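Structure record follows, encoded as structure tokens.
The model shown is predicted, which means the values in this text are computed figures rather than measured ones. Residue numbering restarts at 1 for every chain, and letters A, B, ... go by the order of the sequence lines. Heavy-atom basis, side chains included; hydrogens, waters and symmetry copies ignored.
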There are 2 protein chains.
Amino acid sequence: MKIDARHLEIIAAIVDNGGLTEGAEALGKSQPSVSRTVAMLEARVGARLFEKNRRPLQPTDLCQALAVEGRKVLAANQTASALVRRYIDGKSGVVRVGGTPFFMDGVISGMIAEFQRAYPEIRIEQSYAYAADLSRQLDSNALDVAICPMDPAALPEKLEFSALLDGRNVIACSPTHPLAGKPSLRLSEIAPYPWIAPPVESPLYQDLRSILAGIGMTDFKVSFSGGTLASILNILARSDALTVLPYSVVFMLRRQQALAALPIRINHPERSLGQMWSPAQSDRPSVRRFRRFIDAEFSNLRTTIMKHEQNSLWRR
Amino acid sequence: MKIDARHLEIIAAIVDNGGLTEGAEALGKSQPSVSRTVAMLEARVGARLFEKNRRPLQPTDLCQALAVEGRKVLAANQTASALVRRYIDGKSGVVRVGGTPFFMDGVISGMIAEFQRAYPEIRIEQSYAYAADLSRQLDSNALDVAICPMDPAALPEKLEFSALLDGRNVIACSPTHPLAGKPSLRLSEIAPYPWIAPPVESPLYQDLRSILAGIGMTDFKVSFSGGTLASILNILARSDALTVLPYSVVFMLRRQQALAALPIRINHPERSLGQMWSPAQSDRPSVRRFRRFIDAEFSNLRTTIMKHEQNSLWRR
DNA sequence: GAGATTATATAACCTTGAGTTATGAAAATA
DNA sequence: TATTTTCATAACTCAAGGTTATATAATCTC
């Protein structure tokens, strides 16, 4: 004897609301509809569900037992509805975000922390890669959002990009470095120092090479490579090494007094840090919400940077 | 966002069976039916439930969460189906059985115990009353079965009666009573002894009066009245009192050696102990099963009684 | 107990979800 | 690449269940 789950719901509603009319109302259905459904059910089951000739409908023992199950169905239903509501409202779900390592570690991870304070039910799956890989992953729907430096002119087909911040890089060193704090610097002055090399695929690496080419150095001393931001900060603090980092990373770390930026302008292609995504992949509400959140965070960050530069409290 | 419980079932079935086809099969539906239902659901919810372009259908996170609720619905459904199955099979439910006190206590309660060993999920609601009341309660559907002595000719309209046993009563006393064990007895010999009087509404009371009228006693000494069978047995055991009890009650108590029956024939109206019920009240499977069980028990009891009488092991 | 009130059932009609088979299209597999 | 597997679509049918209007039956009230 197969019983329809919606019938169990109806039974529970009638029993719990003390009558057919009230039950129908609680279910958002008309009274005749429920009445007939009950009649059909009783006929199919071959047993009374409600006592005969009682006017506030009185459940039989069997009906009471079925109502117990009906309540479970109703509860599951409500839970499911809530789940869906939160999901389409972008308050639950998953966001797969990938980006270039230093930028993710130095800037984005902090914003993710803020995001998860606001939306604790959204799970973030973070990964690291460079632009080419990120594009591919967006295309194959292995990623929802990529955050990386990008020349908008070189944007791959079928991907969209929204700039968040100027993409320039700076030469960074320890605040205790001999060159730190000098108001101006000639390129040749940096020649003696060892370098912490960014990964070869990184745009930072290209910037490093162009800097050194600019002062005629084709061979340079790499004292360390392969580390993430945390390692690099430790190395820098205890050495005279130099490295190339995104300006924004250095800015974000200003409070920790872990880094100094040398006043040397690095030339590089027209490049912005920004979000990249595939409009072909219809994005989930959680992803939409994440992207908007990141936009807002960077909007704040840009004004913060502007203020700092105006006040000259912190110079590059 | 209201979600239909049956949709949750479908989701759970697909997820748990590793694919749409298998899920449809598990649900006993055709594959296209389930496919379309899923498509409609996704459209209504406005979110993917299964990853795009994956051939064994791969649930999304949201889908997994909904499947959890779907499993609850499926479980409730199965429980409900089992409940109904047991109910219509007469293996669960309620039986409201009423009867005359001594007969219920002395004979029926033992059978009910057997019945509940066989059908532990059937609840028995027992009550005591005499024929007139029982008829009324059957009519008003306050009772499913009545078990009482009845003259089939005097059966109320609209009630049915099935005889179980000869309805005669006997004069009972303690096995240690001065009259007990005598092979024959004249009516006058019982005159000196006090009586335990059955309730006035009881047919036993009428029998007692007719016995005493037969020996010219209009006034008789009532030493005790108002007790149930258990009390009466205790009183009888410790006194020389006499009382009137159904023959079958005395028979059932033969093993306990608690009673003796005097060899005096009591005249009474043509009367049988039997079951009475109202065919107007469509009876539940549990009630049907109970009635059949009682019939079978009495069938056994009748042969047992016959054997005993043939073997003369126990005389009345 | 008659009348008023409330609760449920029935009627007539319509919409839609869901069942079917047949078949097409796209992944997965060999 | 060819084959198999798995899912989607199409076209049709049916019955459950939605509606409003109204009848009927319990219960309440005086």
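As rounded to whole Å, 13 Å separates atom C1' of D/dA26 from atom CD of A/Gln58. Computed from coordinates, the B/Lys2 NZ to D/dG17 C1' distance equals 14 Å when rounded to whole Å. Note: CZ (B/Arg36) to C1' (C/dG19) measures 8 Å, nearest angstrom. Spacing between atom CD1 of A/Ile10 and atom C1' of D/dG18 amounts to 11 Å, rounded to whole angstrom units. Atom CD of A/Glu51 is separated from atom P of D/dA25 by 19 Å (rounded to the nearest Å). In this entry the distance linking CG of B/Leu49 with C1' of D/dA8 reads 16 Å, nearest Å. Atom CD1 of A/Ile3 and atom C1' of D/dA16 are 16 Å apart (whole Å). One interatomic measurement links the two molecules: CE of B/Met40 to P of C/dT15, which rounds to 16 Å at whole-angstrom precision.
No engagement by B/Arg44 is indicated, since no non-hydrogen atom pair under 4.0 Å with the nucleic acid exists.
Each of D/dT9, C/dT8, C/dT21 was ranked by its minimum atom distance to the side chain of B/Ser35; first place goes to D/dT9. Residue B/Pro32 places its side chain closer to D/dA8 than to any other of D/dA8, C/dT8, C/dG17. Comparing C/dT8, C/dA18, D/dG17 by their closest approach to the side chain of B/Asp4 singles out C/dA18. Of the candidate nucleotides D/dC7, D/dT19, D/dT27, D/dC7 has the atom nearest to the side chain of B/Leu57.
Distances shown here put a side-chain N or O of B/Ser30 below 4.0 Å from the OP1 or OP2 atom of C/dT20. At C/dA18, none of the side-chain N or O atoms of B/Ser33 fall inside 4.0 Å of OP1 or OP2 (strictly under the cut-off). Side-chain nitrogen and oxygen atoms of A/His7 include at least one within less than 4.0 Å of the OP1 or OP2 phosphate oxygen of D/dG17.
Toward the 5′ end of DNA chain C lies the nearest nucleotide of B/Lys29, the other residue of the pair B/Asn53 and B/Lys29 mapping further downstream.
Salt bridge absent: B/Glu9 and B/Arg6 never bring a charged side-chain N and a carboxylate O closer than 4.0 Å. Ion pairing between a basic and an acidic side chain is recognised when a charged N comes within 4.0 Å of a carboxylate O; B/Asp133 and B/Arg136 show such pairing.
Side chain of B/Asp89 to main chain of B/Arg85: no donor-acceptor pair is present (N/O by atom type, distance under 3.5 Å, no hydrogens or angles).
Checked by distance alone, B/Arg54 brings no side-chain donor or acceptor within 3.5 Å of a matching partner on the base of C/dA27. Residue side chain B/Arg6 does not reach the base of C/dG17 through any donor-acceptor N/O pair under 3.5 Å, judged by distance alone. A donor-acceptor contact under 3.5 Å is not formed by the side chain of A/Gln31 with the base of C/dA7.
Between B/Pro101 and B/Thr228, every side-chain heavy-atom pair lies at or beyond the 4.5 Å cut-off.
B/Asp61 and A/Tyr87 share no side-chain donor-acceptor pair at under 3.5 Å.
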